[in-house]
Amino acid sequence: MTMPGERPWVELFPPGIEADMRVGHSSLVEAWKTRVAKNPSATALRYFDGALSAQAVDAASDALAAAFEARGTGRGDRVGVYLQNIPQYALVLLALWKLGATALGLNPMYRRRELRRIIDDAGAVGIVCADTDAEETLETLDGSTVRWLISTSALDYQSRNDPRVFPVTERAIPAPDGDLLTLVREFENLRPTPVRPAHDDIALLTYTSGTTGPPKGAMNTHGNVLNVAATYGAWTGLDDGDVVLAVAPLFHITGAVVNAVVSLITDTTLVFINRFHPDVALEAFAEHGVTFTIGSITAFNAIYELPQAGPQHFTSVKALYSGGAPIPPATVERFQSRFGVYIHNGYGMTETTSAVIAVPPGRKAPVHRPSGTLSIGVPLPNLTARVVDLSGHPLPSGEQGELELSGPQVVPGYWKNPEATRQTMPEGRLRTGDVAVIDERGWVYLVDRLKDQINVSGYKVWPREVEDALYEHPSVHEAAVVGEPDDYRGETVVAYVSLKAGRAATAEELTAFSGERLAAYKRPRQVHIVADLPKTQTGKIRRAELREAGRTGRTSTATG
């Protein structure tokens with residue numbers, strides 16, 4: 001039996017990968033500059049028929065940094081990046097890091113209250129958004145800390161104008177503080193005041209829902225991001241000339257680090273396709289010769305459903321990875337059977353700066369026989385992983401407990417929230433809230449969840465936020481939201497609602513009502529209207545009982 005403190009998983013590492021890896025750069029800016037100097041003419045970014053060399057990206061991000069600086073932005077400031085996966089996202093990241101500023105990832109599906117809450121907590125000084133969102137965003141920002149708003153068009157840096165992606169090609173009116181591409185031209189050949197970001201400076205401020213309360217900002221430092229990008233890049237065997245497809249959204253920690261940064265600091269090409277469209281993504285694999293990507297299992301399921309998809313689209317692929325949501329073993333098997341490519345599992349959290357546990361390339365994840373769970377992989381270099389009991393004491397292999405992680409990938413804490421930091425990361429050890437088993441070989445299996453958080457296609461959904469939206473309906477008496485297994489999304493949001501006496505509402509009406517107030521992935525896919533919700537003696541709603549009722553079909557309720 002393997003005892004706590006041992007690292008048996010090292011025997012499963014890909015050839016040439018050591019248990020401890022040194023990260024050679026002091027900041028992401030230094031890593032980027034090294035990449036540019038190595039091969040300045042190499043293509044760094046592609047966007048449909050458009051392409052930018054490393055040298056061109058460097059010059060454009062210099063100009064953009066100078067434009068941000070001219071608006072009073074400097075070291076330590078937070079600037080929101082409120083965009084889909086377009087080349088401008090990479091330009092903004094690099095520009096901010098060159099100023100020593102922090103990129104605040106903002107989900108472009110967020111609207112009004114959702115968006116404003118994060119901006120206020122972060123104290124953002126600026127926002128870069130799509131021109132189509134500029135008018136509404138300006139209204140949302142009224143009275144906030146934001147001093148400037150720059151917009152950009154998703155039509156820029158390409159000329160194909162694929163109607164599946166761009167149903168409208170008429171450009172919207174830019175934000176009052178300027179259009180990004182215009183600013184790049186205006187500040188051409190200018191550079192910002194030189195800044196040398198430190199390992200401990202915050203590169204990304206990424207918000208995540210905790211077990212209680214509002215979202216918390218995880219402070220992903222330059223050191224955190226470099227460590228994950230370096231270890232994951234080496235793990236997957238990324239090499240000069242490889243092509244990375246940005247499937248995972250860059251506002252999410254996985255997309256930002258394991259797609260974008262991994263590619264930006266290596267001599268590889270990062271391919272953008274805007275918001276994910278399965279048929280567009282499929283064509284991109286073949287057109288650009290994609291060798292690597294990571295995305296939610298939902299994305300891969302959507303590609304699988306395309307009748308035109310075949311092995312010919314994946315001939316260049318070296319490794320596919322999926323993270324963020326549970327993957328049924330049958331899903332992986334059917335994908336490989338049809339396309340000849342195996343989807344490797346991966347696991348990470350916003351607090352671990354993305355993926356820190358993954359299936360080694362070329363290996364298949366084993367199944368945990370007692371639970372039927374597919375392994376999420378083995379810990380990557382520099383990570384200490386163990387399973388602990390309720391008191392925090394380590395358990396031997398094969399025993400269930402809470403997964404605890406520590407290492408240079410783990411963030412130093414939450415933004416302006418020392419109490420949450422102390423609770424979740426005692427002495428720097430991250431208590432993940434996931435019940436896990438680590439077997440004798442080092443394979444990690446997630447077998448249950450300690451948290452009520454719901455994981456939809458890799459997006460985290462906090463039940464209270466959905467419940468609060470439902471409570472705004474005049475007919476709702478009580479509401480409880482849970483996650484239920486979903487072969488397509490990993491988990492799906494399900495609501496149980498009781499109505500006020502003498503009031504009426506349909507499941508469809510409540511679904512539409514919540515959809516007007518929440519991002520699409522947070523909207524309940526099912527609404528069960530019940531006479532009463534199960535409660536403890538103290539009046540607390542029993543979510544576990546509702547989850548179990550949903551799994552066994554023991555609900556006699558209306559469904560939306």
Side-chain angles (χ1 to χ4, degrees), residues 73 76-85 89 92-93 96 101-130 133-151 175 202-221 224-225 248-257 324 349-351 353-354 411-421 424 453-456 458-469 514 516-523:
T73 307
D77 285 336
R78 281 80 57 207
V79 173
V81 192
Y82 188 43
L83 300 170
Q84 296 287 354
N85 283 15
Y89 208 120
V92 173
L93 290 180
L96 292 174
T102 298
L104 168 65
L106 296 171
N107 186 335
M109 289 185 283
Y110 280 173
R111 286 293 178 265
R112 301 191 182 276
R113 182 175 59 182
E114 297 171 300
L115 179 64
R116 181 62 183 265
R117 181 172 57 185
I118 292 176
I119 288 170
D120 286 346
D121 188 75
V125 302
I127 302 287
V128 180
C129 74
D133 291 331
E135 184 177 355
E136 181 181 305
T137 305
L138 276 171
E139 295 174 1
T140 301
L141 298 177
D142 184 41
S144 73
T145 55
V146 173
R147 301 194 298 263
W148 54 263
L149 175 73
I150 291 170
S151 65
I202 306 170
L204 300 167
L205 186 58
T206 318
Y207 275 73
T208 179
S209 297
T211 55
T212 58
K216 301 183 291 292
M219 300 183 291
N220 307 106
T221 67
N224 294 146
V225 176
L250 267 63
F251 62 80
H252 190 280
I253 193 66
T254 300
V257 177
M349 302 173 67
T350 308
E351 292 89 343
T353 320
S354 189
V411 299
Y414 296 115
W415 176 255
K416 297 192 306 182
N417 201 333
E419 181 56 33
T421 300
T424 307
Q453 196 177 70
I454 305 167
N455 205 322
V456 180
Y459 299 133
K460 304 298 190 296
V461 178
W462 174 232
R464 172 59 67 83
E465 187 177 8
V466 184
E467 291 163 1
D468 286 349
S514 59
E516 294 171 357
R517 290 157 174 76
L518 299 167
Y521 67 88
K522 297 179 183 179
R523 177 176 60 84

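Computed from heavy atoms alone, side chains included, the values below leave out hydrogens, waters and symmetry copies. A quick note: this is a predicted structure, and the numbers were derived from the prediction, not measured.
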In Å and rounded to the nearest 0.5 Å, what is the [atom1] to [atom2] distance from [X] to [Y]?
X	Y	atom1	atom2	result
Thr145	Asp77	OG1	CG	10.0 Å
Arg147	Leu141	CZ	CG	13.0 Å
His252	Ser354	NE2	OG	8.0 Å
Leu104	Thr206	CG	OG1	8.0 Å
Cys129	Glu136	SG	CD	10.0 Å
Asp121	Lys216	CG	NZ	10.5 Å

Under the side chain to side chain donor-acceptor pair (under 3.5 Å) rule, collect the residues that match up with Arg113, sequence neighbours excluded.
Glu472

Do [X] and [Y] have side chains that approach each other closer than 4.5 Å (heavy atoms only, starting at C-beta)?
X	Y	result
Pro215	Thr208	no
Pro249	Asn85	yes
Ile119	Thr140	no
Trp148	Thr73	yes
Leu518	Arg523	no
Leu149	Leu138	yes
Val79	Val125	yes
Ile127	Ile150	no

What closest approach, in Å, do [X] and [Y] show between heavy atoms, and which atom pair accounts for it?
X	Y	answer
Ala103	Val81	CB-CG2, 4.2 Å
Arg78	Leu205	CG-CD2, 4.0 Å
Leu204	Thr102	C-CG2, 4.0 Å
Ala124	Gly80	CB-N, 4.5 Å
Ala175	Ala134	CB-CB, 4.2 Å
Leu83	Ala130	CD2-N, 3.5 Å

Walk me through whether Arg517 and Glu114 qualify under salt bridge (Lys or Arg N to Asp or Glu O under 4.0 Å).
CA-CA 9 Å; Arg517 290 157 174 76; Glu114 297 171 300; over 6 Å; no

Can you list the residues that meet the salt bridge (Lys or Arg N to Asp or Glu O under 4.0 Å) rule with [X], with sequence neighbours excluded?
X	answer
Glu467	Arg464, Arg543
Asp133	Arg111
Glu516	none

Any residue meeting side-chain contact (heavy atoms from CB on, under 4.5 Å) with Asn107, in chain and number order, not counting sequence neighbours:
Met109, Tyr110, Phe251, Tyr521

Pairs touching residues 411-421 that satisfy side chain to side chain donor-acceptor pair (under 3.5 Å), sequence neighbours left out:
Glu351-Tyr414, Glu419-Arg422, Glu419-Gln423

Please evaluate residues Asn220 and Ile253 with respect to the criterion side-chain contact (heavy atoms from CB on, under 4.5 Å), reporting the C-alpha separation (whole Å), side-chain torsions for both, the decisive distance (0.1 Å), and the verdict.
CA-CA 9 Å; Asn220 307 106; Ile253 193 66; 3.7 Å; yes

Run the side-chain contact (heavy atoms from CB on, under 4.5 Å) check on Tyr82 and Val128 step by step: do they pass?
CA-CA 6 Å; Tyr82 188 43; Val128 180; over 6 Å; no

